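Remember, predicted model here, so these are calculated numbers, not experimental data. Residue numbering restarts at 1 for every chain, and letters A, B, ... go by the order of the sequence lines. Note: hydrogens, waters and symmetry copies are ignored here, and every other heavy atom, side chains too, is used.
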Amino acid sequence: MEDEGVVLLGFWSSPYVMRVKIALEEKGIQFLYKEEENIFRSKSPLLLQANPIYMKVPVLIHNGKPICESLNILEYIDEVWKDKFTILPHHPYEKAKSRFWIHFFDKMIFDIGRRMWASKGEDQDAAKLEFLKSLKLLEEELGDKPYFGGDQFGLLDIALIPFSCRFYTYEMFCKFSVEKSCPKFMKWVNKCNERGSVSKALPNPYKVYDFVLEVKKMLGIE
Amino acid sequence: MAEVKLFGSWGSPFSRRIEVALKLKGVEYEFIEEDIYNKKSPLLLKYNPVHKKVPVLLHNGKPICESLVILEYIDETWEGPSILPKDPYERAMARFWVKFLDEKCFPAMWQACWSIGEEQEKAKEEATEFLKILEGTLSGKKFFGGDSIGMVDIVANFIAYWFMILQELAGFELLTKEKFPKLNEWMNEYLNCSIIKENLPLKDKLTAVFQARFQAVAAAAAAAAAK
């Protein structure tokens, strides 16, 4: 791989890619963004070379070396660009808590997220309830703090906020309101959206909804 | 009250990972055996309400859950041999491989042992594919961590010990020396490390537990088939 400085391979609708965009922006790191335009039909040779095992975005390529998996990339960015804006909490226990909640959320949303827009009836309802239950757990973790990171926007905030652009989609398919069910969580979402890095990285929720409708059509899901 | 407590289970590879890491760092701890199949203790449920699983590390009264999270915590908190490399790129690679082990290898290998028929064949194929990838990463290295064991080696404990026992009981051999010469060499070196050797569950005890489970699974399958 050529050394083009910092390169990010991504796709506009991927919340995992948004995590990295936010982190790079907060750190003030210049990077070259390469969109995988045809990600569902044919992945670019660069992506296949950079991430041969999972063939997924995001991939960060730094000094010609690829780093895969969004959480790995965030930790890498924080360790390399140490002097600018700290992403990870300082104390090992707080780091552990952030990592724990990211693993929890990622595992949950992988299954539940899809079921909310792709399935119907009881399965969809069960997914919705599970989703809200998870948000409530996160609300407890947030407590009275402005951010999950406390006074400072940090790792867990960066990891979770991208998924807020999918809330409209979930709400439309499952007929509920995150605002009504989890007002504290929405308050945090709104606070994060005030940050330039977040508003730059997150797409319009309506665009996301339209895209999911297209994907459903493409996959033949009613 | 001991400063460090570990809620674990004698037979769990996830629990054993933490014991290896604590011993590597020379940390004294109190081990609390949990009966994970029959009855979990109120303390475990209190300290890990989300997953209700072992291992849980309790340090100064604060719980840390999930074995990979605990391993990083141990490395960051105590001096001693490093579990993760120092270089950020090498750290990212180690984190990548441990996730690959836990999210891809482990489930496929486990499924290969416990399923039957077509499902088993599919799982065996998948497991073989993943193991081939791992084999490739061992080129010119004694351990995944280089000259000494690191996080990837600690997390790969399942392959070197639990899986070898299980595949024999299940009646197949996936990890042959012919197909996986480097992995087999790694297993020998790994199991010879005193810190690993001294922290494995007794083979006879583990074999007996697995054997009983195989019999139970076979009985349930036979009962279902008879209906």
Side-chain angles (χ1 to χ4, degrees), chain A residues 1 6 16 20 50-56 58-82 87-108 110-111 130 133-134 136-138 140-141 155-156, chain B residues 4 18 25 47-53 55-79 83-105 107 126 129-134 136-137 151-152:
Chain A
M1 260 156 287
V6 181
Y16 306 99
V20 182
N51 191 358
I53 294 174
Y54 296 113
M55 298 178 279
K56 283 184 177 177
V59 181
L60 191 78
I61 305 175
H62 181 219
N63 297 333
K65 292 195 215 166
I67 300 105
C68 310
E69 302 284 287
S70 63
L71 179 55
N72 280 2
I73 298 171
L74 294 181
E75 301 231 26
Y76 176 84
I77 288 172
D78 210 34
E79 286 165 14
V80 172
W81 288 276
K82 276 199 273 267
I87 294 174
L88 262 81
H90 176 70
H91 196 278
Y93 182 66
E94 297 301 322
K95 284 187 200 184
K97 277 210 293 180
S98 296
R99 288 171 181 143
F100 172 85
W101 286 113
I102 296 172
H103 288 184
F104 164 79
F105 185 84
D106 281 0
K107 208 168 172 191
M108 182 274 301
F110 183 75
D111 168 47
E130 195 60 42
K133 193 171 146 197
S134 303
K136 289 217 190 305
L137 275 175
L138 287 165
E140 267 178 55
E141 176 59 26
L155 181 70
L156 187 50
Chain B
V4 183
I18 309 307
K25 297 279 194 183
Y47 291 128
N48 192 358
V50 174
H51 300 299
K52 307 179 176 63
K53 286 181 174 175
V56 177
L57 188 77
L58 198 68
H59 183 209
N60 294 330
K62 293 192 193 161
I64 302 107
C65 310
E66 298 282 287
S67 67
L68 300 187
V69 175
I70 300 171
L71 289 174
E72 296 234 24
Y73 178 82
I74 290 172
D75 207 30
E76 286 158 5
T77 303
W78 287 284
E79 302 282 318
I83 293 172
L84 272 165
K86 295 275 182 233
D87 173 70
Y89 181 70
E90 296 303 323
R91 288 164 76 81
M93 290 311 292
R95 286 174 176 140
F96 176 88
W97 289 117
V98 300
K99 203 165 176 226
F100 177 76
L101 278 164
D102 268 5
E103 289 184 5
K104 296 286 182 194
C105 291
E126 250 195 348
E129 194 194 309
F130 296 145
L131 287 168
K132 282 203 177 116
I133 292 172
L134 275 180
T137 70
M151 187 152 168
V152 182

Crowding at NZ, B:Lys53 (>12 non-hydrogen neighbours, <6.0 Å)
no

What part of A:Ile53 is in contact with chain B, defined as an atom under 4.5 angstrom from a non-hydrogen atom: side chain, backbone, both or neither?
side chain

Flag the one option from B:Arg91, B:Glu103, B:Met93, B:Glu66 with the top tally of heavy-atom pairs under 4.5 Å to chain A.
B:Arg91

Contact winner vs chain B - A:Glu79, A:His103, A:Glu69, A:Lys95, heavy-atom pairs under 4.5 Å:
A:Glu79

Would you say the ring centers of B:His59 and A:Tyr93 fall short of 6.0 Å from each other?
no

Give, as side chain, backbone, both or neither, the part of B:Arg95 having an atom under 4.5 angstrom from any heavy atom of chain A.
both

With sequence neighbours excluded, tell me which residues meet ring-ring contact (aromatic ring centres under 6.0 Å, His included) with B:His51.
A:Phe100

Contacts of A:Ser98 that satisfy side-chain contact (heavy atoms from CB on, under 4.5 Å) - sequence neighbours left out
A:Pro89, A:Leu155, A:Leu156

Looking at B:Phe96, B:Phe100, B:Tyr89, which has the largest count of heavy-atom pairs under 4.5 Å with chain A?
B:Tyr89

Under a 4.5 Å heavy-atom cut-off, does chain A meet the side chain of B:Pro63, its backbone, both or neither?
both

Geometric class of the A:His62/A:Tyr76 ring pair [parallel <30°, tilted 30-60°, perpendicular >60°]
perpendicular

